[in-house]
Amino acid sequence: MIKMLRVDHRLLHGQVAVSWKSALDVDCILVANDSVPGDALRKSAIKLAKPADTKLVIKTIDDSIAAINSGKTDKYKLFIVVESIADAARLCRECGIKQLNLGGTKATAETRAISKAMNVTPTEEETLRALVSEGVDVEIQMVPDDAAVKVERAL
């Protein structure tokens, strides 16, 4: 059962590992990212942030989609973390996920801030609007104690 799909450019870190894991009561965290599986240093850092009582799986986006759609993940209370809005959109569309949490993305010259930690490009704005029109509930919420804000109010 997918408890949450979250966009966070830092992937797994203390805030995600502790506050969201507890709030969601998950037993498995899936880091879905195309570069981490082949990057020993990033993989090691992510493993250090994993709560002791939680299974951690690191897969590419394609492998994550295949695992979710095969039913292999059904036995877990699953928290999925991706690095980008584009990756989240693929998972929503290809796995039928209807809720998306936006935690944080990096500020760049091409982005504009839509919250304290969410920075989006014009293309990402279009993607988020499309997801909302497709029936995905997209909310901005850094930590469980923060009030969730519907993304359409921030765009």
Side-chain angles (χ1 to χ4, degrees), residues 1-37 42-43 45-106 113-120 124-125 127-155:
M1 171 204 301
I2 298 170
K3 301 286 261 181
M4 180 183 278
L5 168 60
R6 176 179 172 88
V7 174
D8 193 319
H9 70 94
R10 296 173 293 174
L11 294 171
L12 192 62
H13 54 92
Q15 179 176 299
V16 169
V18 176
S19 62
W20 282 111
K21 187 256 182 235
S22 297
L24 297 170
D25 186 32
V26 298
D27 56 14
C28 184
I29 298 171
L30 169 60
V31 172
N33 182 276
D34 286 336
S35 65
V36 172
R42 278 185 87 190
K43 202 183 316 188
I46 288 169
K47 286 179 179 178
L48 288 173
K50 176 192 86 66
D53 60 345
T54 308
K55 180 179 179 64
L56 173 66
V57 179
I58 299 171
K59 290 185 173 291
T60 65
I61 299 298
D62 285 340
D63 288 346
S64 297
I65 290 167
I68 292 164
N69 288 338
S70 75
K72 285 182 195 175
T73 62
D74 291 354
K75 62 186 171 191
Y76 298 109
K77 293 182 277 182
L78 190 63
F79 179 31
I80 307 167
V81 185
V82 297
E83 194 171 38
S84 71
I85 291 167
D87 289 345
R90 277 198 64 203
L91 284 165
C92 286
R93 290 174 174 142
E94 295 184 39
C95 299
I97 298 170
K98 292 297 182 190
Q99 286 193 301
L100 175 60
N101 169 271
L102 302 177
T105 52
K106 288 181 187 175
I114 60 170
S115 77
K116 184 168 56 171
M118 279 305 301
N119 303 280
V120 296
E124 290 169 334
E125 273 192 61
T127 300
L128 292 170
R129 288 183 198 280
L131 286 172
V132 169
S133 73
E134 293 162 22
V136 178
D137 181 20
V138 184
E139 294 183 330
I140 303 166
Q141 188 178 19
M142 282 193 56
V143 292
D145 290 341
D146 288 349
V149 175
K150 298 285 184 198
V151 75
E152 50 271 44
R153 291 186 57 219
L155 292 176

- prompt: Hey, mind stepping through L56 and L12 against side-chain contact (heavy atoms from CB on, under 4.5 Å) and telling me if it holds?
  reply: CA-CA 10 Å; L56 173 66; L12 192 62; 4.0 Å; yes
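- The shortest heavy-atom contact between G103 and A117 is O-CB, 3.5 Å.
- Checked by atom type and distance alone, the side chain of S70 pairs as donor or acceptor with a backbone atom of A67 at under 3.5 Å.
- The distance from the OG atom of S64 to the CD1 atom of I80 is 7.5 Å, given to the nearest 0.5 Å.
- Going from atom CD1 of I85 over to atom CZ of R90 covers 16.0 Å, rounded to the nearest 0.5 Å.
- The number of heavy-atom neighbours closer than 6.0 Å to NZ of K72, taken from other residues, nucleotides and ligands shown, is 12 or below.
- The side-chain heavy atoms of V57 and V31, taken from C-beta on, include no pair separated by under 4.5 Å.
- More than 12 heavy-atom neighbours from other residues, nucleotides or ligands sit within 6.0 angstrom of CD on E134.
- Of the residues D137, V151, I97, V136, the one that meets the side chain to side chain contact (heavy atoms under 4.5 Å, CB included) test with L131 is V136.
- Across all their heavy atoms, A154 and I114 have their closest contact at CB-O, 3.4 Å.
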- request: Starting from the C-alpha separation in whole Å, work towards a yes-or-no answer on side-chain contact (heavy atoms from CB on, under 4.5 Å) for V149 and Q141.
  value: CA-CA 7 Å; V149 175; Q141 188 178 19; over 6 Å; no
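- Evaluated for a side chain to side chain contact (heavy atoms under 4.5 Å, CB included) with I140, the options R153, K150, M118 yield exactly one hit, M118.
- E125 places no side-chain N or O within donor-acceptor distance of the main-chain N or O of L128, the cut-off being under 3.5 Å.
- Interatomic distance, F79 CZ to K3 NZ, rounded to the nearest 0.5 Å: 12.0 Å.
- Judged purely by distance below 3.5 Å, without hydrogens or angles, the side chains of T60 and D62 never pair a donor atom with an acceptor atom.
- Using modelled atom types, one side-chain atom of K50 and one backbone atom of T54 make a donor-acceptor pair closer than 3.5 Å.
- Within the 4.5 Å cutoff, no side-chain heavy atoms of I68 are placed close to those of E94.
- The side-chain heavy atoms of M142 and W20, taken from C-beta on, include no pair separated by under 4.5 Å.
- Atom OG of S133 and atom CD of E152 lie 10.5 Å apart (nearest 0.5 Å).
- A side-chain N or O of N33 and one of E83 form a donor-acceptor pair less than 3.5 Å apart.
- No side-chain heavy atom of C28 sits less than 4.5 Å from a side-chain heavy atom of K77.
- Summarising the geometry of V82 relative to D87, their closest heavy-atom pair is CB-CB, 4.0 Å, with the distance given to 0.1 Å.
- Here the closest non-hydrogen pair linking A32 and I61 is O-CD1, 3.4 Å.
- Closest of all the heavy-atom pairs between L5 and C92 is CD2-SG, 3.7 Å.
- When side chains are defined from C-beta on, L78 does not count as touching D27, because their heavy atoms never get closer than 4.5 Å.
- In this structure, the separation between CG on N101 and CD on E139 is 7.5 Å, given to the nearest 0.5 Å.
- Considering only heavy atoms from C-beta on, S84 stays 4.5 Å or farther from T105 through its side chain.
- Between atom CG of residue N119 and atom CG of residue L102 there is a gap of 11.5 Å, rounded to the nearest 0.5 Å.
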